[in-house]
Amino acid sequence: MLKSAILATTILVSTSSALAKTEMSKLVEYVQDKYATPNESPILIFDKDEINWRFAKAKVFGKENESARIPVIQAYVKEFTGVDLTTNHASNFDTYLSILKNSAVALPLTEGYSSNKAYKICGVFHADANSNQRLESERLLGLNIKGAYGDLEYHHLKEGLEFEEMKKFSLYHELGHCLDKRFLPEAQSAYNDAHSIHESESFAETTGLLLLAREGIDNVAQRRITMRNIYSRKIGQYLIDTPGLSYGNPNAKYGGLIYYMQPVLSAGAALIEEDFAFVQDSSMEELLKASERIVDESSLKSRSFNAIYSYLTDGAEVALERYREYEESMPEYFTGIIATIMSYINKTDQTVEDSFDQDREEIPFKLSLKDFTVEEFCPSFESYDREAFNELLDEFREDLKNENGTAAEQRQRQQDLMDLPESLSRICD
């Protein structure tokens, strides 16, 4: 199987560049060429449609075939970046290609030790392209976690981001991590420091916002604030109240605070409004420096971060009394902390209250989803007709994007399309 995977990869590499692309692949290629490739350190935005095709042709899906996927991943990375991956590094990337398929992640791989440690390559993995506004909102907010949201559902949400806005913001956010020369390395070097992760996420979020504005999408900040605040308050409290969900990750309980992005998003929106010419015309180095300044000036400071966590964990009476004593005894360190605590609680509570209306009726049924079978894809898959294959795949994605079918049918269709490459490798010749 290993030899056949290498042979299939060799054939596919030699032909892939001239093949027709899906709409998602075109977006990946555009962002890669404009923002990732010019970076001084290698960054690769993985085109999941392309690598899934290679996996399917090599028939290397499944846990038992991980060793056979490694040379496929190594050949793909070598083709697009010139970087030679070790088996271990390729295995790290494989996690987000074959297991956590719907995760939006940036994964820097390093080489060297201590002060000589440097990025070998940073991989960007976009969220699954088989989605729509409902499904991506549910993913971004964790809306299907009843322990966090109770009876609140997607159709109760008054306003959010459009699917295309979420898709692009997610991609540019993860790219922002790979462009980060300061906060991400600091977070990686710090031992279980949730505040460092908050700063890293704040940088990626700010950079994502500014790059979107550069691409002409300059009106998303407030709606992004709404979605981040909802997540921070609802999922944040749920993670604190349900410690068993951490699976040994000591930072999981800080998840809501890590993704509290209102301060940096507000500052980023102000920069866009006040100096759009800078956002549009500055060099990437200048833009990234602007993101750094916004994080330094606007993200939660360490004491505020821990104070808010204390409030969420211990309750108002205990936490406020504790920080009143701190402020009285050490005013040089704790003056203003109580105001920051109350600001977080008031803003996130108000956002949740304003964003949901339980009297809103379920979204009316539109049209039935197109009939779907794996076998419909077999002729183009078997004949290596990527143009016909990708055209058909985009038709089903467009059908799903239009939110046809019931909510349950949309979730099933997403799963069917996510499983399509593996299904092809089993069903088609």
Side-chain angles (χ1 to χ4, degrees), residues 21 23-51 76-77 80-81 83 92-93 96-97 100 102-110 119-129 131 136 139-140 161 163-188 197-218 220-221 224 228 258-259 261 264-265 268 271-272 279-280 282-292 294-295:
K21 297 179 179 292
E23 291 303 312
M24 188 69 218
S25 294
K26 292 175 185 175
L27 175 61
V28 167
E29 182 179 49
Y30 172 78
V31 179
Q32 176 72 43
D33 290 346
K34 187 169 183 179
Y35 296 111
T37 299
N39 192 61
E40 61 184 11
S41 298
I43 297 173
L44 179 60
I45 305 173
F46 278 80
D47 180 350
K48 292 184 180 180
D49 288 339
E50 173 61 30
I51 203 156
Y76 176 83
V77 172
F80 287 100
T81 67
V83 173
N92 288 333
F93 281 159
Y96 299 100
L97 296 170
L100 303 177
N102 198 19
S103 298
V105 173
L107 181 61
L109 301 178
T110 58
Y119 283 169
K120 182 182 182 72
I121 186 173
C122 190
V124 175
F125 302 87
H126 59 78
D128 196 80
S131 194
E136 187 63 5
R139 186 189 74 85
L140 186 63
L161 292 167
F163 173 56
E164 288 297 315
E165 293 170 334
M166 285 186 282
K167 179 174 72 175
K168 291 177 180 178
F169 208 139
S170 176
L171 180 58
Y172 283 114
H173 173 105
E174 301 308 333
L175 174 64
H177 278 305
C178 288
L179 293 170
D180 182 2
K181 296 179 176 64
R182 177 181 161 195
F183 298 105
L184 182 58
E186 288 176 357
Q188 288 184 307
I197 300 173
H198 167 68
E199 291 184 316
S200 173
E201 292 298 334
S202 295
F203 179 87
E205 190 82 346
T206 305
T207 301
L209 180 72
L210 297 181
L211 288 176
L212 278 181
R214 207 173 184 125
E215 292 297 320
I217 304 175
D218 57 1
V220 297
R224 184 73 167 189
R228 287 303 199 186
I258 285 171
Y259 287 98
M261 299 286 113
V264 294
L265 285 170
L271 176 60
I272 292 168
V279 174
Q280 192 171 39
S282 62
S283 68
M284 280 300 297
E285 183 178 359
E286 291 171 329
L287 194 76
L288 296 175
K289 284 295 183 184
S291 291
E292 279 193 28
I294 287 172
V295 174

Tyr35, OH: over 12 other non-hydrogen atoms inside 6.0 angstrom: yes
So, Ser170 side chain and Met166 main chain: donor-acceptor pair closer than 3.5 Å or not? no
Determine, stepwise, if the pair Arg228 / Leu140 fulfils side chain to side chain contact (heavy atoms under 4.5 Å, CB included). CA-CA 9 Å; Arg228 287 303 199 186; Leu140 186 63; 4.1 Å; yes
Is any side-chain heavy atom of Pro108 closer than 4.5 Å to one of Gln188? yes
State whether the side chain of Thr81 and the backbone N or O of Val83 hold a donor-acceptor pair below 3.5 Å, judged by distance alone. yes
Please determine which of Gln280, Lys168, Lys34 meets the side chain to side chain donor-acceptor pair (under 3.5 Å) test together with Glu215. Lys34
Sequence-distant partners of Lys48, salt bridge (Lys or Arg N to Asp or Glu O under 4.0 Å), two or more places apart: none
Should Glu286 and Lys289 be marked as a salt bridge (Lys or Arg N to Asp or Glu O under 4.0 Å) after you check the CA-CA gap, both sets of side-chain angles, and the distance that decides it? CA-CA 5 Å; Glu286 291 171 329; Lys289 284 295 183 184; over 6 Å; no
Using the test ring pair (Phe, Tyr, Trp, His ring centres under 6.0 Å), find all partners of Phe93 that sit at least two apart in sequence or belong to another chain. Phe46, Phe125
At what distance, to the nearest 0.5 angstrom, does CD of Glu29 lie from OG1 of Thr37? 9.5 Å
Under 3.5 Å, is there a donor-acceptor pair between the side chain of Gln32 and the main chain of Ile45? yes
Restricting to salt bridge (Lys or Arg N to Asp or Glu O under 4.0 Å), what partner residues turn up for Glu199, sequence neighbours left out? none
Atom CE of Met261 and atom CG of Leu209: how far apart are they, to the nearest 0.5 Å? 12.0 Å
Is any side-chain N of the basic residue among Arg182 and Glu292 closer than 4.0 Å to the acidic one's carboxylate O? yes
First locate atom CG of Leu210, then atom CD1 of Ile294, and finally report the distance between them rounded to the nearest 0.5 Å. 5.5 Å
Look up atom CG in Leu179 and atom OG in Ser291, then write down how far apart they are to the nearest 0.5 Å. 9.0 Å
Checking Arg224 side chain against Leu161 main chain: does a donor-acceptor pair fall under 3.5 Å? no
Look at the rings of Phe80 and Tyr76 and say which category their plane angle falls in: under 30° parallel, 30 to 60° tilted, over 60° perpendicular. tilted
